[in-house]
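Below you'll find the structure I mean.
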Amino acid sequence: MPEGPEVECVRRSLKSIIGKKLQRIHLTELSQKYHKYQNKQTQFNQFSGHQIKKIERIGKFLIFKFDRKEVILNHLGMSGNWLLLKEKDQILPSHSKVLIEFETLPNVVFYDMRNLGQFKIYESYNSVLKHQPIRKMGIDGLLSTFPMDEFLLRIDKRNYANREIGSVLLDQKLVAGIGNIYKSESLALANINPTRLVKTLKNKERRRLGQAISKTLHKAVESMGSTFNSFRTPDGREGSAQNWHQVYGKKGGKCSSCGSEIRRVVQDKRSTFYCPNCQL
DNA sequence: CCGCTGGCCTGCGAGC
DNA sequence: TGCTCGCAGGCCAGCG
């Protein structure tokens with residue numbers, strides 16, 4: 001479900017809990033089972049009576065900031081999501097892991113079927129920035145102005161030269177926020193074959209790719225993300241980005257611009273979809 | 001530091 | 001109907 005654009009939509013939808021006074025952050029029994037939800041309930045008790053001041057997004061991570069120095073780092077993994085609970089005693093979704101209750105409704109719950117998400121306390125904002133994946137995070141693909149020069153510098157690093165671009169695009173150290181869908185879609189928009197080695201990409205193609213990434217991610221946010229099975233924003237809205245996908249999930253279908261059959265290849269154990277005729 | 005492999009999890013649908 | 005398999009929007013640890 002969640003790539004950078006979906007995480008951004010979740011973040012925006014959670015704005016309705018900013019500034020509200022917390023009663024408690026409650027871990028469900030389920031969450032105690034999984035090592036990725038490391039902190040104990042008692043460590044969350046310190047947040048009772050405090051306010052969420054801000055929710056930031058860095059790549060695919062969300063960072064909850066409070067009126068105290070500790071922060072919470074949240075990752076949705078493959079299946080995590082938040083839901084606003086607008087009614088008292090509303091039934092929680094299955095696989096609920098974290099329930100946050102306020103003095104006034106709505107409350108909010110984090111649920112995560114596959115348990116690949118995270119919800120972790122850090123002692124300060126600075127310490128979370130030192131946290132490994134965040135410290136090394138690349139360009140934010142959702143910056144309003146895509147930093148093309150930096151993109152060209154980063155993609156030119158030696159370790160990418162002999163790798164396939166389809167695989168490199170999933171590396172959050174290059175552009176943060178791209179996931180498996182928007183990887184395929186960005187390459188389709190740029191007319192670049194995912195199996196091309198980075199070193200064979202001409203400067204013009206690299207620029208085209210950078211533009212395509214930025215355009216694709218922004219368009220996805222405007223569409224409220226992609227909804228395949230059940231992704232919704234926390235306030236219940238479905239995304240519509242899937243309606244303009246050119247290639248993702250369309251193996252065997254026809255390319256809308258040339259009619260060729262869309263192919264699927266596996267790169268780094270992830271599917272990549274492309275049009276063999278349009279993407280050279 | 002790098003790239004590669006396997007692992008972490010649950011659920012769903014296709015095919016037998 | 002039930003089984004197995006592959007697959008799913010992500011990432012990390014461990015190895016050489």
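Labels below follow one simple rule: chain letters A, B, ... track the order of the sequence lines, proteins then strands, and each chain is numbered from 1. Values below: all heavy atoms of this structure, side chains included; hydrogens, waters and symmetry mates excluded.
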Quantified in whole Å, what is the P atom distance between nucleotide B:dG7 and nucleotide C:dC5?
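It works out to 15 Å between them.
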Which nucleotide, in any strand shown, forms a Watson-Crick or G-U wobble pair with B:dC9, with both distances under 3.5 Å?
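B:dC9 is paired with nothing.
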Treating primed atoms plus P, OP1 and OP2 as sugar-phosphate and everything else as base, which nucleotides of nucleotides 11-16 of chain C get B, S or - for protein heavy atoms under 4.0 Å?
SS----
Using the six-membered ring of A:F64, assess whether NZ or CZ of A:K54 lies under 6.0 Å from its centre and within 45 degrees of the ring axis.
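Not satisfied by the 6.0 Å and 45° rule.
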Residue pair A:T233 / A:D235, side-chain donor-acceptor N/O under 3.5 Å:
yes
Would you please indicate yes or no on a ring centroid separation below 6.0 angstrom for A:H50 and A:F66?
no
Between C:dA8 (P) and A:K183 (NZ): distance, integer Å:
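These atoms are roughly 9 Å apart.
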Under 4.0 Å between any heavy atoms, over every strand shown, what does A:R158 touch: base, sugar-phosphate, or nothing? Just pick one.
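No contact at all - A:R158 keeps every heavy atom at 4.0 Å or more from the nucleic acid.
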Does C:dG16 have a Watson-Crick or wobble mate here (both distances under 3.5 Å), and if so which one?
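Checking every strand shown, C:dG16 finds its partner in B:dC2, with both distances under 3.5 Å.
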Carboxylate-amine/guanidinium proximity below 4.0 Å for A:K65 and A:E56
yes
A:N107 side-chain N/O to A:L85 backbone N/O, donor-acceptor pair under 3.5 Å:
no
From CZ of A:R163 over to P of B:dC1, roughly how many Å is that when rounded to an integer?
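In whole Å, B:dC1 P lies 15 Å from A:R163 CZ.
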Please say which of A:F44, A:Y37, A:Y111 ends up in a ring-ring contact (aromatic ring centres under 6.0 Å, His included) with A:F119.
A:F44
With P as the reference atom in both, quote the distance from B:dC9 to C:dG14 in angstrom, rounded to an integer.
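Roughly 15 Å separates the two P atoms.
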Is A:E222 paired with A:K219 through a side-chain N to carboxylate O contact shorter than 4.0 Å?
no
Distance-only polar pair, side chains of A:R24 and A:S48, donor-acceptor under 3.5 Å
no
side-chain N/O A:Y248 vs C:dG9 OP1/OP2, d < 4.0 Å:
yes
Same-atom distance (P) from B:dC1 to C:dC12, integer angstrom
14 Å
Using a 4.0 Å heavy-atom cut-off across all strands, classify A:K136 as base, sugar-phosphate, or nothing.
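Sugar-phosphate: the residue A:K136, judged by heavy atoms under 4.0 Å, touches backbone atoms but no base.
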Pairwise 5' ranking along DNA chain C for A:G177 and A:V266, keeping only the more 5' one
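Its nucleotide being nearer the 5' end, the pick is A:V266.
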Would you mind reading off the distance between A:M78 atom CE and B:dG7 atom P, rounded to a whole angstrom?
17 Å
Could you run down the sub-3.5 Å N/O contacts of the protein with nucleotides 10-14 of chain B?
unit_1, atom_1, unit_2, atom_2, d
B:dT10, OP1, A:Y34, OH, 3.1
B:dG11, OP1, A:H95, NE2, 3.1

Think A:K269 has a side-chain N or O under 4.0 angstrom from the OP1 or OP2 of B:dG7?
no
Thinking salt bridges, do A:D268 and A:R270 make one under a 4.0 Å N-O criterion?
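So A:D268 does not pair with A:R270 through a salt bridge.
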In whole angstroms, how far is the C1' atom of C:dG10 from the CZ atom of A:R57?
16 Å
